[in-house]
2 protein chains.
Amino acid sequence: MIAEDAATLFGVLSNSDRLDVIRALVEAGPDGMSAGNIALKIGASPSRTSFHLNALSESGILQKERRSRNLNYRINFKTIGALINFLMEDCCKGSAELRDCCTMR
Amino acid sequence: MIAEDAATLFGVLSNSDRLDVIRALVEAGPDGMSAGNIALKIGASPSRTSFHLNALSESGILQKERRSRNLNYRINFKTIGALINFLMEDCCKGSAELRDCCTMR
DNA sequence: CTTTTATTTCAATGATTCTTGAAATAATAT
DNA sequence: ATATTATTTCAAGAATCATTGAAATAAAAG
């Protein structure tokens with residue numbers, strides 16, 4: 001991953017609503033959740049939720065799939081993992097000091 | 001760490017210049033670098049560099065210390081580590097799937 | 001084929017962030 | 001004291017991002 005793409009992904013994560021969406025989808029498990037249920041869960045209007053869902057899926061953090069009337073979203077952990085790898089390995093050159101600060105080690 | 005603080009930190013990381021600063025300081029090692037040398041290294045004007053250094057140290061990603069005429073900056077890995085922990089443990093609830101995507105595991 | 005449900009798109013507005021270059025501050029050296 | 005070096009601060013403007021509510025689209029049901 002190049003720095004510009006990482007910067008874009010960090011930008012997508014730099015919003016509480018979007019972090020709430022990720023949390024809701026992690027809780028929901030591998031089947032994901034519909035846009036409407038996500039909106040209810042995070043307490044935001046449909047259009048506001050849609051705006052954030054678009055940023056998240058545009059960047060590859062979420063994947064969407066239509067299921068009849070609903071649009072179902074689920075997390076794509078590969079993208080989040082790639083971003084963490086960029087930060088730890090690329091950007092911080094695998095720093096041992098940083099690794100020691102991380103619980104998963 | 002609460003979601004709002006994490007969102008702020010992600011916002012600080014959402015800029016290529018600032019990622020370049022972090023990379024330069026990781027390369028520089030534990031002694032860090034002066035603002036002027038950072039500006040030279042990342043190829044940005046002094047005031048622009050100062051703007052980004054301020055965002056980085058304000059958020060706790062960098063620490064600064066005056067050394068006579070120079071202001072010396074170095075990385076505070078604790079903050080970056082705490083953010084990675086938030087993302088992996090808090091936000092993604094320690095997801096095994098996410099952990100499997102990370103090289104450090 | 002009209003209505004209902006689910007969601008997105010759009011335009012307008014407000015808020016935040018970034019860049020630039022000039023001026024201000026801080027420390028040191030002459 | 002004055003000049004030099006290092007860095008920040010500031011104001012102005014441009015660019016990007018977020019929110020709102022109304023209108024548009026998509027699918028399904030009556």
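In the text below, chain A, chain B and the rest are named by the order of the sequence lines, each starting its count at 1. On a predicted model such as this, the values are computed, not experimentally measured, just so you know.
Distance CD1/B:Ile38 to CE/B:Met33: 6.0 Å, rounded to 0.5 Å. Note that the CG atom of B:Asp100 and the NZ atom of A:Lys78 stand 11.5 Å from one another [nearest 0.5 Å]. From B:Arg67, atom CZ reaches atom CG of B:Asn72 across 4.0 Å, with rounding to the nearest 0.5 Å. Taken to the nearest 0.5 Å, the CG atom of B:Asp17 stands 4.0 Å off from the CZ atom of B:Arg48. To the nearest 0.5 angstrom, A:Leu83 atom CG is 7.0 Å from B:Phe10 atom CZ. Separating the CD atom in A:Gln63 from the CG atom in A:Leu25 is a distance of 11.5 Å, to the nearest 0.5 Å.
Atom P of nucleotide C:dA26 and atom NZ of B:Lys64 are separated by 12 Å, given to the nearest angstrom. A straight line from CD of A:Glu4 to P of C:dC18 spans 14 Å, rounded to a whole angstrom. Remark: P of C:dA27 and CD of B:Glu65 are 13 Å apart, rounded to the nearest angstrom.
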Hey, can you pull the donor-acceptor pairs under 3.5 Å for the side chains in residues 86-98 of chain B, sequence neighbours left out?
from    : atom 1 : to       : atom 2 : distance (Å)
B:Glu89 : OE2    : A:Thr103 : OG1    : 3.3
B:Ser95 : OG     : B:Glu97  : N      : 3.2
B:Ser95 : OG     : B:Leu98  : N      : 3.0

Donor-acceptor pairs under 3.5 angstrom involving side-chain atoms of residues 53-62 of chain B: please list them, not counting sequence neighbours.
from    : atom 1 : to      : atom 2 : distance (Å)
B:Ser57 : OG     : B:Leu53 : O      : 2.9
B:Ser59 : OG     : B:Ala55 : O      : 3.3
B:Ser59 : OG     : B:Leu56 : O      : 2.9

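Among all heavy-atom pairs drawn from A:Ser14 and B:Gly11, the shortest one is CB-N, 3.2 Å. Scanning both residues, B:Gly81 and A:Cys101, for their nearest heavy atoms gives CA-CB, 3.9 Å.
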Inset, instruction - Report the C-alpha separation of B:Leu9 and B:Ile80 in whole Å, then their side-chain angles, then the decisive distance to 0.1 Å, and conclude whether the side chain to side chain contact (heavy atoms under 4.5 Å, CB included) test is met. - result: CA-CA 9 Å; B:Leu9 280 168; B:Ile80 299 177; over 6 Å; no
Inset, instruction - Could you check B:Asn15 against B:Leu19 for side chain to side chain contact (heavy atoms under 4.5 Å, CB included), going step by step and ending with a plain yes or no? - result: CA-CA 6 Å; B:Asn15 176 287; B:Leu19 293 177; over 6 Å; no
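Comparing A:Gly11 and A:Ser68 against DNA chain D, the residue whose closest nucleotide sits nearer the 5' end is A:Gly11.
Within residues 31-59 of chain B, the residues that have a heavy atom under 4.0 Å from DNA chain C are, in order of number, B:Ser47, B:Arg48, B:Phe51, B:His52. For the contact set between residues 69-76 of chain A and DNA chain C, defined by any heavy atom under 4.0 Å, the members are A:Arg69, A:Asn70, A:Leu71, A:Tyr73.
Between the axis at the start and the axis at the end of the helix from C:dC1-D:dG30 to C:dT30-D:dA1 there is an angle of 0°, using five pairs per end and rounding to 10 degrees.
No engagement by A:Arg67 is indicated, since no non-hydrogen atom pair under 4.0 Å with the nucleic acid exists.
Of all nucleotides in DNA chain D, those with any atom nearer than 4.0 Å to a heavy atom of chain B start and finish, going 5' to 3', at D:dT4 to D:dT9.
No salt bridge links B:Asp31 with B:Arg74; every basic N to acidic carboxylate O contact stays at or beyond 4.0 Å.
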